[in-house]
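Notes to accompany the following structure.
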Amino acid sequence: MNIIFHEQTRTFHLYNDEISYIMTVLPSGHMGQLYFGKAIRDREDFSHLLEDTFRITASYLSEEQNTMSLEHLKQEYPVYGTTDYREPAVEVIQANGSHLSNLQYSGYRITDGKPKLSGLPATYTEDDSEAKTLTITLKDPLTGLAAELLYTIFAGGGALARSVHFINQGTEILHLGRAMSLALDLPDCNYEWLQFSGVWARERHLKTRSLEPGIVSVGSLRGASSHEHNPFIILKRPHTDENQGEAIGFSLIYSGNFLAQAEVDNQDVTRILLGIHPDTFDWKLEPGADFQTPEAVMVYSSLGLNHLSQTFHRLYQKRLARGYWRDRPRPILINNWEATYFDFTEDRLVTIAGKAKECGVELFVLDDGWFGARRNDSAGLGDWYANKELLPNGISGLSRRIEALGMKFGLWFEPEMVNEDSDLYRAHPDWILRTPGRSASLGRHQHVLDYSRKEVVDYIYEMMAKLLREARISYIKWDMNRYITECYSAALPSDRQGEVFHRYILGVYDLYDRLTREFPHVLFESCASGGARFDPGLLYYAPQGWTSDDSDAIERLKIQYGTSYCYPISCMGSHVSAVPNHQVFRSTPLYTRANVAYFGTFGYELDLNKLTADEQEEVKQQIAFMKEYRELFQFGVFYRLRSPFEDNYTSWMVVSPDQKTAIVGWYKTLNHVNVPFTRVRLQGLAPDLCYHLEDSSLSFYGDELMNAGLITSDSMCGELTGKRPSCDFDSRLFILKAY
Ligand code: GLA
């Protein structure tokens with residue numbers, strides 16, 4: 001890994017074994033983008049890659065520079081309004097109403113390691129030898145605005161982290177109307193755009209389309225990264241697949257409103273923009289003030305989508321997630337939500353926990369309904385103290401009883417919300433986000449607290465911390481069940497209302513930060529009506545997230561498969577739930593529910609007392625199995641093998657870092673009669689090692705499994721592993737061990 005600056009040509013080259021990123025100072029003083037892709041040999045001059053020429057209708061910067069049309073140059077951080085008609089990365093509004101800016105190169109700095117981003121989640125290094133950071137400073141001579149472009153290249157892997165830090169070094173007040181974290185101009189548009197979209201209970205479904213001239217974008221204006229779109233996109237070459245070909249992934253480490261966009265211009269250049277959504281953003285910069293954008297990470301892979309995902313997985317698992325739980329196998333939990341909803345007593349909870357303990361579960365989680373006047377979802381949010389009618393001995397009493405069973409205790413909160421029917425709202429009705437003179441819309445009978453105000457965050461922090469200090473709580477599920485409407489803060493002046501969405505998220509990060517610092521051993525699981533804020537921003541504080549409220553195994557195939565394009569298995573909350581399933585009313589075999597949930601953090605979301613004795617026995621075996629292999633499931637190298645977005649079958653696998661153990665998951669949606677054999681070509685094995693297939697007398701060399709494949713179809717499987725007749729929603733795990 002290195003960062004080179006060629007003085008003569010004023011060219012920067014960041015590279016490691018996998019990637020090169022090259023940019024130069026243009027004759028006009030702007031920063032030009034030359035190359036991002038597979039590592040290439042360094043040279044003094046790459047300016048031939050500029051592709052600047054006189055074009056007939058182009059506006060140009062001056063008579064002396066008539067090939068200098070910013071419209072036709074690939075740039076690092078394009079501004080609004082001077083010869084470039086594409087959407088810019090930044091827009092600065094002056095007091096006189098001008099929206100123009102002119103960010104000129106003024107210097108650079110190369111440092112070892114990676115600086116922290118104040119108040120924001122970001123990737124990090126544990127040792128300065130792990131990365132190098134280049135800071136390029138741009139300045140607008142007229143306004144005095146400085147923009148520091150930060151680029152971090154890591155020692156290994158195809159990832160580059162970027163962000164921008166603005167400082168108003170002038171004397172007039174400026175407004176940032178747009179401040180994207182990343183812009184990248186690519187020389188052609190021969191790409192397919194992959195996005196991960198959906199809705200509640202159907203999150204992160206893979207959608208693919210070809211790029212054409214014009215704009216394609218996904219984003220969120222909901223105050224959260226959202227169920228609808230994830231702050232992650234991929235551009236891949238049309239022939240790229242999971243195991244070969246070029247692709248670039250773009251991920252934003254942020255949990256609020258975002259925009260991810262590709263614009264193909266009149267010469268087929270593709271401009272990628274990624275950052276805070278400009279539509280709800282306006283940040284006032286007083287003289288001397290600064291603004292830090294969230295971090296964006298881009299990953300280049302020349303070896304297909306699995307390699308791209310594995311780069312994100314490694315980086316996000318090891319250098320974005322933090323703390324005590326980062327590297328630890330996660331506890332197998334039982335959550336009472338689908339078992340009881342709001343209908344529980346202390347004794348009923350203990351009965352559920354007792355049976356779970358008998359089966360081997362390690363952590364009992366009490367979900368919604370334990371606090372204030374909460375008997376249904378229209379009251380109580382904001383009052384984070386136990387409801388004494390339900391829990392006469394409080395949370396401390398219940399957690400003591402759970403711990404006496406030999407389990408850990410976990411608790412649900414929804415700290416950002418308030419019901420009108422709550423003591424908090426009665427005391428502070430002005431603490432919610434609402435616009436003066438307008439009605440305040442509701443979602444799930446609740447309002448959103450104004451987390452842009454420090455006193456609100458302080459208050460909630462004190463309430464939560466008190467409980468965490470008093471009771472033995474080992475895990476917190478942090479929920480967020482409605483989006484923001486009528487966004488306005490009573491505490492901010494009119495010219496700062498465009499800051500509220502971002503300040504809100506900074507408040508959420510602040511609360512997470514304080515709690516995780518005071519209670520470093522508590523495991524946090526983020527949740528937002530399932531997966532509405534399943535993003536890298538929260539992964540920095542909570543090493544796992546509830547992937548979706550849809551707990552049906554077949555629905556989960558698509559959700560977990562789609563999620564895996566960016567996010568590691570260790571962060572995907574996945575549970576076995578009851579049948580018929582509570583979201584889709586489908587009945588799937590117990591083994592299939594577990595076979596899907598193993599590829600995640602694993603747990604149960606039902607009352608195990610209600611299962612038959614045989615089923616309870618099966619659950620015991622599942623838990624014993626997960627305890628044996630969870631390290632491999634959660635921290636192994638994950639490969640997608642067969643996509644649920646394409647047909648009736650899904651397959652994926654994990655391989656241990658030493659390549660000696662692998663587990664393949666194979667799933668069938670509907671059963672058909674007299675069908676062809678199915679087979680999957682495995683990935684990531686050692687070609688020369690001989691793998692024994694557990695529960696059979698068969699062995700195969702790695703090269704055979706990766707080329708000829710493993711036959712997974714029913715007739716063969718019957719012989720190989722099972723006595724079961726095949727059925728709808730069938731599944732199998734193949735465990736391969738090399739000796
Ligand atoms: C959200 C969560 C669920 C559950 C309920 C409780 O929907 O996603 O898992 O916690 O809230 O109200």
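First listed ligand is number 1; within each ligand, the first listed atom is number 1.
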### Query
Under the side chain to side chain donor-acceptor pair (under 3.5 Å) test, which residues partner T485, sequence neighbours left out?
R482
### Query
Do A528 and ligand 1 have an N or O pair less than 3.5 Å apart?
no
#### Entry: Selection from D367, V365, N336, D377 by shortest heavy-atom distance to atom 4 (C) of ligand 1
D367
#### Entry: Atom indices of ligand 1, in the order listed, that fall short of 4.0 Å to a heavy atom of D549
1 (C), 2 (C), 3 (C), 7 (O), 8 (O), 9 (O)
### Query
Side-chain contact, heavy-atom cut-off 4.5 Å: D535 with S255?
yes
### Message
Looking at non-hydrogen atoms alone, which of E605, E414, K477, E525 comes nearest to atom 9 (O) of ligand 1?
### Response
K477
### Query
Quick one: does L366's side chain get under 4.5 Å of N336's, heavy atoms only?
yes
### Message
My understanding is that only one of F633, Y667, W652, Y629 makes a ring-ring contact (aromatic ring centres under 6.0 Å, His included) with Y598; could you say which?
### Response
F633
### N or O pair under 3.5 Å between W412 and ligand 1
yes
### Message
Under a plain distance cut-off of 3.5 Å, with no hydrogens placed, do Y316 and S251 share a side-chain donor-acceptor pair?
### Response
yes
### Message
Give me the residue, atom name and distance of the protein heavy atom closest to atom 11 (O) of ligand 1.
### Response
D479 OD2, 2.9 Å
### Query
Which ligand 1 atoms, with their elements, are less than 4.0 angstrom from a heavy-atom of N481?
1 (C), 7 (O), 11 (O)
#### Entry: Contact atoms of ligand 1, heavy-atom distance to W337 under 4.0 Å
4 (C), 5 (C), 6 (C), 12 (O)
#### Entry: Under-4.0 Å heavy-atom contact with ligand 1, by part of N335 that carries it
neither
### Task
Give me the ring orientation class for F413 and W370: parallel if the planes are under 30° apart, tilted from 30 to 60°, perpendicular past 60°.
perpendicular
### Query
Which ligand 1 atoms are under 4.0 Å away from a heavy-atom of C527?
2 (C), 8 (O)
### Query
Which ligand 1 atoms does W546 reach within 4.0 Å, using its non-hydrogen atoms?
8 (O), 9 (O)
### Message
Just to verify, what does T612 make a side chain to side chain donor-acceptor pair (under 3.5 Å) with, not counting sequence neighbours?
### Response
E615
### Atoms in ligand 1 with a heavy atom of D368 nearer than 4.0 Å
6 (C), 12 (O)
## Note on the structure
A student checking ligand 1 against G530 at a 4.0 Å heavy-atom cut-off should list atoms 8 (O)
### Query
Just wondering, more than 12 heavy atoms not from R469 lying within 6.0 Å of its CZ?
yes
### Message
Quick test of your reading of the model: are R514 and D458 salt-bridged, counting only N-O distances below 4.0 Å?
### Response
yes
